Asker: 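Take this structure first; my questions come after.
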Amino acid sequence: MASGSSPSQILCASFNQDNSFFSIGTKDGFKIFESRNGRLCYEKSLGGLSIAEMLFSSSLIAIVGSGENPSLSPRRLCLFNTATGSSLKELNFLTSIVAVRFNRKRLIVVLQEKTYIYDLNSIAILDEIDTVPNTKGLCAFAPNSEGCYLAIPASTNRGSVLVYNTLELQSHCQIDAHRSVLNALVFSSTGTYLATASEKGTIIRVHLVSQATKSYSFRRGTYSSTIYSLAFAPSLDIPDILISTSSSGSLHIFLLEASINGNRQNKLLGSVIPDSINDAFDPANHHVVHNIVPPGIKSYITVKSIENAPNSSSVLALRAIIYIITQNGYFREYVLQFAKLNESSWSLEREVNLLDVISDSSK
């Protein structure tokens, strides 16, 4: 670990829509790295940034200032072109921007009590949604889904989610996900499933978006923990796995496809078991890697790929490549291999100290 380095040097981090690159915002500006090797591809010194979101592998990146520099207001969104090193467009708002998401058709700007939807090509505003207070900027966007679904909190005292179709500009459904308020949201790559976690962090639920009342639950643990990041494996159907990181420092892996298919086969059993029991899945489909991140350090996680792995037994094994960015300045690539019967192994394939790159480039 980097000794004497301040965790606040990395103010934000995110993977692009296909996980091929990631960007970080720092007190000095932003940097773009290639995920497969951790190579620094681009950097720009502008001042402190609280948001830096890429558009796939294009030269367009959306940036928002942290407010430390008067020229980088947290109320101003800048669409920056890395090819020319200059701003393409700036949008100003009355209150601070807390989140930005976009794809090739839509630009989503989340404020604390409003969400704006723009046409990306013309930067024309298409819709304005009044929302409940959302100081954390909690949202999920499914850029590859047919409806380009957006999910945002719908309540300040319960874990309700509004799912909005940003192409048709209408509400798709509302999901009552948790009794406690929301703390994490993520769509599967096609927008078919939505995973949610509340502030308690003990239960993670996976919802079928087409049926707002249909959900599957996974117990992360008994004690409360702040969920920092959720991610599905890329898939055109049911994702093989769902992963999460939290303030406990552990990585949790849920075998989603095995759980859902197994649950469907046990409908008769489920009909005679109380919901509170039937709600949780077989623990054999839950794997944990402890101390993958220092406890209390915020992390950003994604599943790069997953495939069937050779296995000497008759039980199907899976091999997944996981990327993690930690707010104390590390990018790590892990290879995880696991089977259903509580058998799992992992290896650290790559570690890049992003703070070293920051300090080297600022000398």
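Being a predicted model, the structure only gives us computed values, none of them experimental. Values below: all heavy atoms of this structure, side chains included; hydrogens, waters and symmetry mates excluded. Count residues from 1 along the sequence.
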Asker: Determine the minimum heavy-atom distance between Ile61 and Ser23, stating which atoms define it.
Answerer: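 It is CD1-CB, 4.1 Å.
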Asker: Kindly compute the distance separating OG (Ser250) from NE2 (His290), expressed to the nearest 0.5 Å.
Answerer: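 Reported to 0.5 Å precision, the distance equals 5.5 Å.
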Asker: Is the centre of the His207 ring less than 6.0 Å from the centre of the Tyr193 ring?
Answerer: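 No, ring centres 6.0 Å or more apart.
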Asker: Do the side chains of Thr202 and Arg219 get nearer than 4.5 Å, heavy atoms only?
Answerer: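 In short, these two side chains touch, coming nearer than 4.5 Å.
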Asker: Apply the test side chain to side chain contact (heavy atoms under 4.5 Å, CB included) to residues Leu150 and Thr115: give CA-CA distance (whole Å), side-chain angles for both, the deciding distance (0.1 Å), then the verdict.
Answerer: CA-CA 10 Å; Leu150 171 71; Thr115 295; 3.9 Å; yes
Asker: Passes salt bridge (Lys or Arg N to Asp or Glu O under 4.0 Å), Lys27 versus Glu68? Steps please.
Answerer: CA-CA 8 Å; Lys27 60 183 179 60; Glu68 297 176 3; over 6 Å; no
Asker: I need the single residue from Val110, Asp127, Ile129, Leu111 that forms a side chain to side chain contact (heavy atoms under 4.5 Å, CB included) with Tyr116. Which is it?
Answerer: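 Single pass found, and it is Leu111.
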Asker: Looking just at side-chain N and O atoms, do Ser50 and Ser66 make a donor-acceptor pair shorter than 3.5 Å?
Answerer: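 Short answer, no.
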Asker: Look at Asp176 together with Arg158 and state whether they make a salt bridge at an N to O cut-off of under 4.0 Å.
Answerer: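 A salt bridge is absent here (no side-chain N lies under 4.0 Å from a carboxylate O).
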Asker: Evaluate side chain to side chain donor-acceptor pair (under 3.5 Å) for Asn19 paired with Ser35, printing each intermediate quantity in order.
Answerer: CA-CA 7 Å; Asn19 302 321; Ser35 298; over 6 Å; no
Asker: For the residue pair Ser305 / Glu307, report whether a side-chain donor-acceptor contact shorter than 3.5 Å exists.
Answerer: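 No pair is found: no donor N or O on one side chain lies under 3.5 Å from an acceptor on the other.
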Asker: Can you hop from Leu208 to Phe218 via hydrophobic side chains spaced under 4.5 Å?
Answerer: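 Yes, same cluster.
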Asker: For the backbone of Arg39 and the side chain of Arg36, can you confirm whether one donor and one acceptor N or O come within less than 3.5 Å of each other?
Answerer: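 No; judged by distance alone, with no hydrogens or angles, the pair does not exist.
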Asker: Can you confirm whether Leu318 sits close enough to Gln337 that some side-chain heavy atom of one is under 4.5 Å from a side-chain heavy atom of the other?
Answerer: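 A side-chain contact is absent here, since even the closest heavy-atom pair is not under 4.5 Å.
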Asker: Would you say the side-chain atoms of Arg106 pair up with the backbone N or O of Asp119, donor to acceptor, closer than 3.5 Å?
Answerer: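 No, the answer is negative, given that no donor and acceptor are paired below the 3.5 Å cut-off.
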Asker: Nearest 0.5 Å, please: how far is OG1 in Thr326 from NZ in Lys298?
Answerer: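 Atom-to-atom, Lys298:NZ and Thr326:OG1 are 12.5 Å apart.
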Asker: Please examine the side chains of Met54 and Ile32, heavy atoms only from C-beta on, and report whether any two atoms are closer than 4.5 Å.
Answerer: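 In contact.
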Asker: Between Phe331 and Phe33, does the ring centroid distance fall short of 6.0 Å?
Answerer: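 Distance test on ring centres: not under 6.0 Å, no.
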Asker: Going by side chain to side chain contact (heavy atoms under 4.5 Å, CB included), His178 matches just one of Ser155, Ser217, Ser198. Which one?
Answerer: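 The passing option is Ser198.
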Asker: So, does Gln174 use its side chain to make a donor-acceptor pair with the main chain of Val163 at under 3.5 Å?
Answerer: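 Flag not set: sc Gln174 to bb Val163 has no pair under 3.5 Å.
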Asker: Quick one: pull up CD in Glu199 and OG in Ser224 and give me the separation to the nearest 0.5 Å.
Answerer: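 The OG atom of Ser224 is 10.0 Å from CD of Glu199, to the nearest 0.5 Å.
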Asker: So does Gly65 get a backbone contact from the side chain of Arg76, meaning a donor-acceptor N/O pair under 3.5 Å?
Answerer: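 It does not hold such a pair.
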Asker: Apply the side chain to side chain contact (heavy atoms under 4.5 Å, CB included) test between Leu91 and each candidate in Leu79, Val100, Ile97, Leu107; give the one that qualifies.
Answerer: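 With Leu91 as partner, Leu79, Val100, Ile97, Leu107 yield a single side chain to side chain contact (heavy atoms under 4.5 Å, CB included), made by Leu107.
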Asker: Report the C-alpha distance between Ser59 and Asn81 in whole Å, list the side-chain angles of each, state the deciding distance to 0.1 Å, and finish with yes or no for side chain to side chain donor-acceptor pair (under 3.5 Å).
Answerer: CA-CA 5 Å; Ser59 60; Asn81 187 338; 3.1 Å; yes
Asker: Is there side-chain contact between Ile322 and Ile243, with at least one heavy-atom pair below 4.5 Å?
Answerer: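 Yes - at least one pair of side-chain heavy atoms lies under 4.5 Å apart.
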Asker: Tell me whether Ile125 is reachable from Ile108 by hopping between hydrophobic residues (I, L, V, M, F, W, Y) whose side-chain heavy atoms are closer than 4.5 Å.
Answerer: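 In one cluster with Ile108: Ile125, no.
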Asker: Could you tell me if His286 and His252 have a donor-acceptor pair between their side chains, going purely by distance under 3.5 Å?
Answerer: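 Yes, side-chain donor-acceptor contact under 3.5 Å.
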Asker: Does a side chain donor of either Asn183 or Lys200 reach within less than 3.5 Å of an acceptor in the other side chain?
Answerer: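 The criterion, which ignores hydrogens and geometry beyond distance, is not satisfied for Lys200 and Asn183.
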Asker: Is there a side-chain contact between Tyr334 and Ile292, using heavy atoms and a 4.5 Å cut-off?
Answerer: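 The answer is yes; the side chains approach within 4.5 Å.
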Asker: Exactly one of Leu194, Val161, Thr192, Thr190 should register a side chain to side chain contact (heavy atoms under 4.5 Å, CB included) with Val209. Which one does?
Answerer: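 The option that passes is Leu194.
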Asker: Please assess Ile241 against Leu256 for the test side chain to side chain contact (heavy atoms under 4.5 Å, CB included), listing each intermediate value before the final yes or no.
Answerer: CA-CA 5 Å; Ile241 63 172; Leu256 184 60; 5.7 Å; no
Asker: Checking Asn144 against Ser189: is there a side-chain donor and acceptor pair closer than 3.5 Å?
Answerer: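 Ser189 vs Asn144: no donor-acceptor pair found between side chains.
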Asker: On the 0 to 90° scale, with breaks at 30° and 60°, tag the Phe93-Tyr118 ring pair as parallel, tilted or perpendicular.
Answerer: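 Geometry flag for Tyr118 against Phe93: perpendicular rings.
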Asker: Answer yes if the side chains of Asp18 and Ser20 hold a donor-acceptor pair under 3.5 Å, and no otherwise.
Answerer: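 Yes, side-chain donor-acceptor contact under 3.5 Å.
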Asker: Can you find a pair of side-chain heavy atoms, one from Tyr323 and one from Phe15, that are under 4.5 Å apart?
Answerer: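 Counting from C-beta outward, Tyr323 and Phe15 do come under 4.5 Å.
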Asker: Using atom types as modelled and distance alone, determine if a side-chain donor or acceptor of Thr302 lies under 3.5 Å from a backbone N or O of Lys304.
Answerer: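 Checked: no pair found.
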Asker: If you measure from NE2 on His287 to CG on Leu251, what distance do you get to the nearest 0.5 Å?
Answerer: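 His287 NE2 to Leu251 CG: 11.5 Å, rounded to 0.5 Å.
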Asker: Give the intermediate values and the outcome of side chain to side chain donor-acceptor pair (under 3.5 Å) for residues Thr245 and Ser299.
Answerer: CA-CA 7 Å; Thr245 57; Ser299 56; 2.8 Å; yes
Asker: Below 4.5 Å, heavy atoms only, C-beta onward: do Tyr42 and Phe30 meet side chain to side chain?
Answerer: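 In short, these two side chains touch, coming nearer than 4.5 Å.
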Asker: Examine Arg104 relative to Phe56 and say whether NZ or CZ is less than 6.0 Å from the centre of the six-membered ring and inside a 45° cone about the ring axis.
Answerer: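 Yes, cation above the ring, under 6.0 Å and within 45°.
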Asker: Can you tell if the side chain of Ser57 reaches within under 4.5 Å of the side chain of Phe21, non-hydrogen atoms only?
Answerer: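 Heavy-atom side-chain distance check passes, below 4.5 Å.
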